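All chains are named by letter (A, B, ...) in the order of the sequence lines, taking the proteins before the strands, and each is independently numbered beginning at 1. Values below: every heavy atom of this structure, side chains too, minus hydrogens, waters and symmetry copies. What you see is a predicted model, and the numbers here were worked out from it, not measured in a lab.
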Amino acid sequence: MRRIGSSARLLGPLPTRQRFLRPPGRPLQAMNDLSAAQPEPAEQGGESPSLLAQMAAGVAFANNRVPEGETRAQRLHRLRHSAAHVLAEAVLQMFPEAKFGAGPAVENGFYYDIDLPRSLVPADLEEIERRMKKIIKRGWPFAAAQVPLDEARQLFGGANQGYKLEILDKIAGRGEATVSLFRQNQFVDLCAGPHVSSTGKLKFFKLTKLGAAYWQNKAGNPMLQRVYGTAWETQEDLDAYLHFLEEAKKRNHKRLGEQLDLFHFHPEAPGAAFWTPRGFAVLQTLLSYWRDQQRRRGYQEIFNPMLYKKDLYIRSGHYKHYKDDMFIIHQEDTEYCLKPMNCPDTFLYYTSKKRSFRELPLRVAEGGILHRNEVAGALNGLFRVRQFMQDDAHIFVMPEQVESEIFEVLDIVREVYALFGMSWSLTLSTRPESFMGEAALWDQAEADLKAALDKTGEKYSLDVGGGAFYGPKIDIRIDDCLGRKWQCATIQLDFQQPLNFDMKYTASDNTPHRPIVIHRAIFGSFERFIGVLLEHTGGALPTWLSPVQAVVVPISDKSLDYAWQIAKRLQSHGLRVEVDDRSEKMGYKIREAEMLKTPYMLVVGEKEAETGTVSVRTYKDGARPQGSVEAVEAEICDVVARRVFDVEVKPLRTFDSEPESAAADDEY
RNA sequence: GCUGGCGUAGCUCAACUGGCAGAGCAGCUGAUUUGUACUCAGCAGGGUGCGGGUUCAAGUCCCGCCGCCAGCUCCA
């Protein structure tokens, strides 16, 4: 069994968002049985009783009590959860044999997981939506009932709802004697509630996507069909959310990568980016910023091999815990591994000679190329690749240096994210139930991490028991301008690997001591970070990172010489400058430069050549009056040298965290 | 990996129920010498992802593989 992207839990920081399991090989439910007869549409909006409703005929339902004094988030949650029930009823009308899994409200919407005799297609969404609208229009009341567990078992068993029986078993396991049921029209569900008073309250919803999910999210369980929807209190909110979805689609980094000619993917190397000259310029610029920062902050950079005998990973534990994610090469009788993380080989560097306490903290960075054998279905543009680079570093410290060193690392986090106009949030994860090492060492380390966090003045949340077995950690999530959260950076303490690699340093009393290792990455993977940055900026990168920083646009061939003169002058400062020397009209060239989101367009014609000036147009602000060459030269050099975030990032509202709206006290 | 969808020119996409593979952009050639988001004309470009099969006939139907996209975080 194997988790995707679970590496953050095992020696070496890698951001994780999703986890999927390797299949344990259990056969999955057949979902595409098209021979199954399509039921007659129940046009009466469910007037003929469903099996569920028949089974629940004896249950005494009473009016649903709507809670008072809720927050907007609670109201939305109730609204969406109710929408999930209506969705389920609509599906039940279409498929009387539907078996229902779970149908919760989630961030920005709701879903229902359903086992159906055939796969749903997008056209089905329209039909489901049509039926939902009908149910909503009828304004069926939501009614609640409390029944003994056994009665619920009989009811759902009789209605052939096996998944609900499993949920009932789980509830029974919690020692509860009764469960609550909710009913609207012909649909009855096991549900804790609360719900809206009637289906009539659910006016502003839309089904958004179809997908699949394992029952209980466990690989090997049957795969259910998941229908996603969104629901809101007002039409405006719904429209704004749908607009947000559109905007997010436009900012898809894979699409921008193609449009801006930054990188490609090729079936011959799945999961590995091919960087174009433009894209590689961005990557290189980011790397050189990173190297500059590492030098400033007292790190040494090493460059180690990419291929190792398996012995190294047996020693580090990766071969046992991480083998499925590693590319393994058999060469004659020897097994080699492509390195999936920088830590083990960095440790070989540490132990390559005798270390003194005077060397600590020893900060060792490595940005080598890593390979991880991610399962095919997990690959996703630059966000999840099989080959990538990390801004990885390992810091070898004495226990008493933990606090100050963590503080330093947090300061790098601040520096980096501030550079891109991103906000971030911190989480401290503490000792899990199963841990290695001495509890006292953990307590001290956690206290040090807290102290360092407090010293930064930033707020942070606690994930008690969320640490890795080998040490506590701090995870950092960044927010992009669409309010989406990304985990890039992590800072982890490690008590385990110093033992595995028998790391030592000689203390001032001439006795050997064990160092602690801090793993840290701030960009995380450079590939992924560039993906996030593209989505954050919509592809308009700040001048210092832009693939081409300025394009000189001669008005006609007559101004070509002057154009090159300007370009060479700027290039002499190391700027990335091109001349658009094609014999096209300038409008055409401007359009092209705009579409490539080039920060500076320098228009030169005969007027400019005569006066030794340029007409500046910027991507951000449009055309400016003619100006001196010196002025624009100084300006570009300045924003590049200072790495100014000179792009407009239009923040879109984040929906569920929005303040209370005026229409709030409407009763549902 | 699993479920579903998709794969046609460098890119974006057409081709009704199987019946002559098309367009725009990009590219090339020529003309044009242009003042802030597309100048005109011509040319070239394809065993329709790969491998099998059905058929008089396959881009289209069937099987297998490869790749891409979405879902596989929220658990009454």
Side-chain angles (χ1 to χ4, degrees), chain A residues 1-2 4 16-32 77 81 84-85 100-111 113 118-122 152 156 163-164 166-168 170-171 174 176 179-182 189-193 209-228 252 254-255 258-259 261 264-271 324 374-381 553-560 583-595 601 603-608 615-617 622-624 626:
Chain A
M1 219 165 55
R2 151 188 191 199
I4 296 300
T16 80
R17 253 182 101 215
Q18 316 155 311
R19 296 188 197 126
F20 318 120
L21 300 176
R22 277 276 198 212
R26 176 166 160 191
L28 293 162
Q29 198 98 349
M31 289 177 62
N32 47 0
H77 190 271
H81 199 149
H85 282 224
F100 295 94
V106 294
E107 193 183 347
N108 293 327
F110 59 92
Y111 67 76
D113 284 345
R118 70 166 172 88
S119 298
L120 293 173
V121 295
F156 287 105
Y163 300 108
K164 294 295 174 192
E166 285 189 45
I167 296 169
L168 285 169
K170 221 167 81 181
I171 294 171
R174 293 203 301 252
E176 288 167 44
V179 293
S180 60
L181 305 179
F182 275 82
D189 206 352
L190 177 63
C191 183
K209 60 191 168 192
L210 284 168
Y214 297 107
W215 166 237
Q216 305 270 311
N217 294 316
K218 256 170 68 187
N221 276 353
M223 189 143 266
L224 308 182
Q225 300 195 56
R226 178 171 291 183
V227 181
Y228 280 97
N252 180 298
K254 284 168 277 187
R255 181 177 156 152
E258 197 69 49
Q259 281 168 3
D261 189 26
H264 303 279
F265 288 91
H266 198 287
E268 310 268 7
D324 284 347
E374 304 285 357
V375 293
L379 299 178
N380 178 14
V553 178
I555 290 192
S556 78
D557 292 356
K558 290 175 203 154
S559 312
L560 263 181
S583 98
E584 297 286 350
K585 294 173 81 161
M586 68 170 285
Y588 180 87
K589 300 182 196 178
I590 296 274
R591 176 180 155 81
E592 188 139 308
E594 286 280 347
M595 289 197 307
M601 289 155 268
V603 178
V604 295
E606 290 173 277
K607 270 189 294 184
E608 286 80 4
S615 291
V616 179
R617 178 189 171 101
R624 291 186 199 166
Q626 252 169 270

Please list, chain by chain and in numerical order, all residues satisfying side chain to side chain contact (heavy atoms under 4.5 Å, CB included) with A/Gln626, sequence neighbours excluded.
A/Lys607, A/Glu608, A/Thr611, A/Thr613, A/Ser615
Measure from CG on A/Asp189 to P on B/C75 and round the result to the nearest Å.
16 Å
Using a 4.0 Å heavy-atom cut-off across all strands, classify A/Glu608 as base, sugar-phosphate, or nothing.
base
Provide, to the nearest angstrom, the distance between the NZ atom belonging to A/Lys164 and the C1' atom belonging to B/C75.
10 Å
Rounded to the nearest angstrom, tell me the gap between atom CD in A/Glu606 and atom P in B/G35.
11 Å
Assign each of A/Ala192 and A/Met595 the nucleotide of RNA chain B bearing its closest heavy atom; nearer the 5' end lies the nucleotide of A/Met595
A/Arg591 versus A/Glu584: any side-chain heavy-atom pair under 4.5 Å?
no
Could you tell me how far B/U60 sits from B/A37 if I compare only their C1' atoms? Round to whole Å.
40 Å
Look for any protein N or O under 3.5 Å of an N or O in nucleotides 28-33 of chain B and output each such pair with its distance, or none.
from: B/U32; atom 1: N3; to: A/Ser583; atom 2: OG; distance (Å): 3.4
from: B/U32; atom 1: O4; to: A/Ser583; atom 2: OG; distance (Å): 2.6
from: B/U33; atom 1: O2; to: A/Asp557; atom 2: N; distance (Å): 2.9
from: B/U33; atom 1: N3; to: A/Asp557; atom 2: OD2; distance (Å): 2.8
from: B/U33; atom 1: O4; to: A/Asp557; atom 2: OD2; distance (Å): 3.0

Go through the structure and list residues passing side chain to side chain contact (heavy atoms under 4.5 Å, CB included) with A/Lys585, not counting sequence neighbours.
none
If I pick the P atom on B/U8 and the same atom on B/C13, what distance separates them, to the nearest angstrom?
9 Å
I need the CG-P distance between A/Leu224 and B/U73, as an integer number of Å.
12 Å
Could you tell me whether the side chain of A/Lys209 and the main chain of A/Val227 form a donor-acceptor pair under 3.5 Å?
no
How many whole angstroms separate atom CZ of A/Arg617 from atom C1' of B/A37?
7 Å
Measure across A/Lys170 and A/Gln216 and return the closest heavy-atom pair with its distance rounded to 0.1 Å.
NZ-OE1, 3.8 Å
Just how far, in rounded Å, is P of B/C2 from CZ of A/Arg226?
19 Å
Using the P atom as the reference point in each nucleotide, state the distance between B/U33 and B/A70 in Å, no decimals.
49 Å
Quick one: does A/Leu181's side chain get under 4.5 Å of A/Asp189's, heavy atoms only?
no
Side chain of A/Leu190 only, heavy atoms from C-beta on: which candidate in B/A37, B/U3, B/A76 is closest?
B/A76
Could you give the CG-to-P distance, from A/Asn221 to B/C72, as a whole number of Å?
16 Å
Strictly below 4.0 Å: does A/Tyr588 bring a side-chain N or O up to OP1 or OP2 of B/C40?
no
Which nucleotide wins on minimum distance to the side chain of A/Glu594, given the candidates B/A37, B/G1, B/C75?
B/A37
I'd like to check A/Tyr163 versus A/Asp113 (side-chain heavy atoms, cut-off strictly below 4.5 Å). Are they in contact?
no
For A/Tyr214 and B/U73, is the shortest distance between a side-chain N/O and OP1 or OP2 below 4.0 Å?
no
What integer number of Å spans the P atoms of B/C62 and B/G30?
49 Å
Applying side chain to side chain donor-acceptor pair (under 3.5 Å), name anything that partners A/Arg255, two or more places apart in sequence or on another chain.
none
Side-chain donor/acceptor of A/Lys589 to backbone N/O of A/Pro554, under 3.5 Å
yes
Distance, C1' atom - from B/C40 to B/C68, rounded to whole angstrom:
39 Å
Regarding A/Glu166, tell me which of base, sugar-phosphate or nothing describes its non-hydrogen contacts under 4.0 Å with the strands shown.
nothing
C1' spacing across the pair B/A14 / B/C56, given as an integer number of angstrom
27 Å
Between protein and nucleic acid, restricted to nucleotides 64-70 of chain B and to nitrogen or oxygen atoms under 3.5 Å apart, what atom pairs and distances do you find?
from: B/C69; atom 1: OP1; to: A/Lys254; atom 2: NZ; distance (Å): 3.4
from: B/A70; atom 1: OP1; to: A/Lys254; atom 2: NZ; distance (Å): 3.4

Using the P atom as the point on both nucleotides, what is the distance between B/U3 and B/G64, in whole Å?
11 Å
Determine the interatomic distance between C1' on B/G47 and the same-named atom on B/U34; round to the nearest Å.
44 Å
Would you classify A/Val121 as touching base, sugar-phosphate or nothing, given that sugar-phosphate means primed atoms plus P, OP1 and OP2, and contacts are heavy atoms under 4.0 Å?
nothing
Counting only Watson-Crick and G-U wobble pairs with both atom distances below 3.5 Å, the stems of 3 or more consecutive pairs that include RNA chain B are B:1-7 with B:66-72, B:10-13 with B:22-25, B:27-31 with B:39-43, B:49-53 with B:61-65
For A/Ser583, what residues pass the side chain to side chain contact (heavy atoms under 4.5 Å, CB included) criterion, not counting sequence neighbours?
A/Asp557
Sequence neighbours excluded, which residues qualify as side chain to side chain contact (heavy atoms under 4.5 Å, CB included) partners of A/Ala105?
A/His77, A/Arg80, A/His81
A/Arg174 near the nucleic acid: base, sugar-phosphate alone, or nothing, with a heavy-atom cut-off under 4.0 Å?
base
Under the side chain to side chain donor-acceptor pair (under 3.5 Å) test, residues paired with A/Glu594 that sit two or more places apart
A/Arg617
Quick check for you: among B/U34, B/G35, B/G71, whose closest atom lies nearest to any side-chain atom of A/Val603?
B/G35
Please list, chain by chain and in numerical order, all residues satisfying ring-ring contact (aromatic ring centres under 6.0 Å, His included) with A/Tyr111, sequence neighbours excluded.
A/Tyr228
First locate atom CZ of A/Phe265, then atom CD of A/Glu258, and finally report the distance between them rounded to the nearest 0.5 Å.
10.0 Å
Rounding to an integer number of Å, can you tell me how far A/Gln225 CD sits from B/G5 C1'?
12 Å
Have a look at A/Lys589 and say if it touches a base, only the backbone sugar-phosphate, or nothing, with a 4.0 Å heavy-atom cut-off.
nothing
N/O contacts under 3.5 Å, protein versus nucleotides 10-14 of chain B?
none

Per A/Tyr228 side chain, nearest of listed nucleotides B/A76, B/A37, B/C72
B/C72
With rounding to the nearest 0.5 Å, note down the distance linking CG in A/Leu224 to CH2 in A/Trp215.
7.0 Å
Glycosidic conformation of B/G27, syn or anti, with 90° from 0 as the boundary?
anti
Quick one: ring-ring contact (aromatic ring centres under 6.0 Å, His included) partners of A/Phe100, sequence neighbours excluded?
A/Tyr112, A/Phe187
With no hydrogens and no angle check, is any side-chain donor or acceptor of A/Glu606 less than 3.5 Å from a backbone partner on A/Ile555?
no
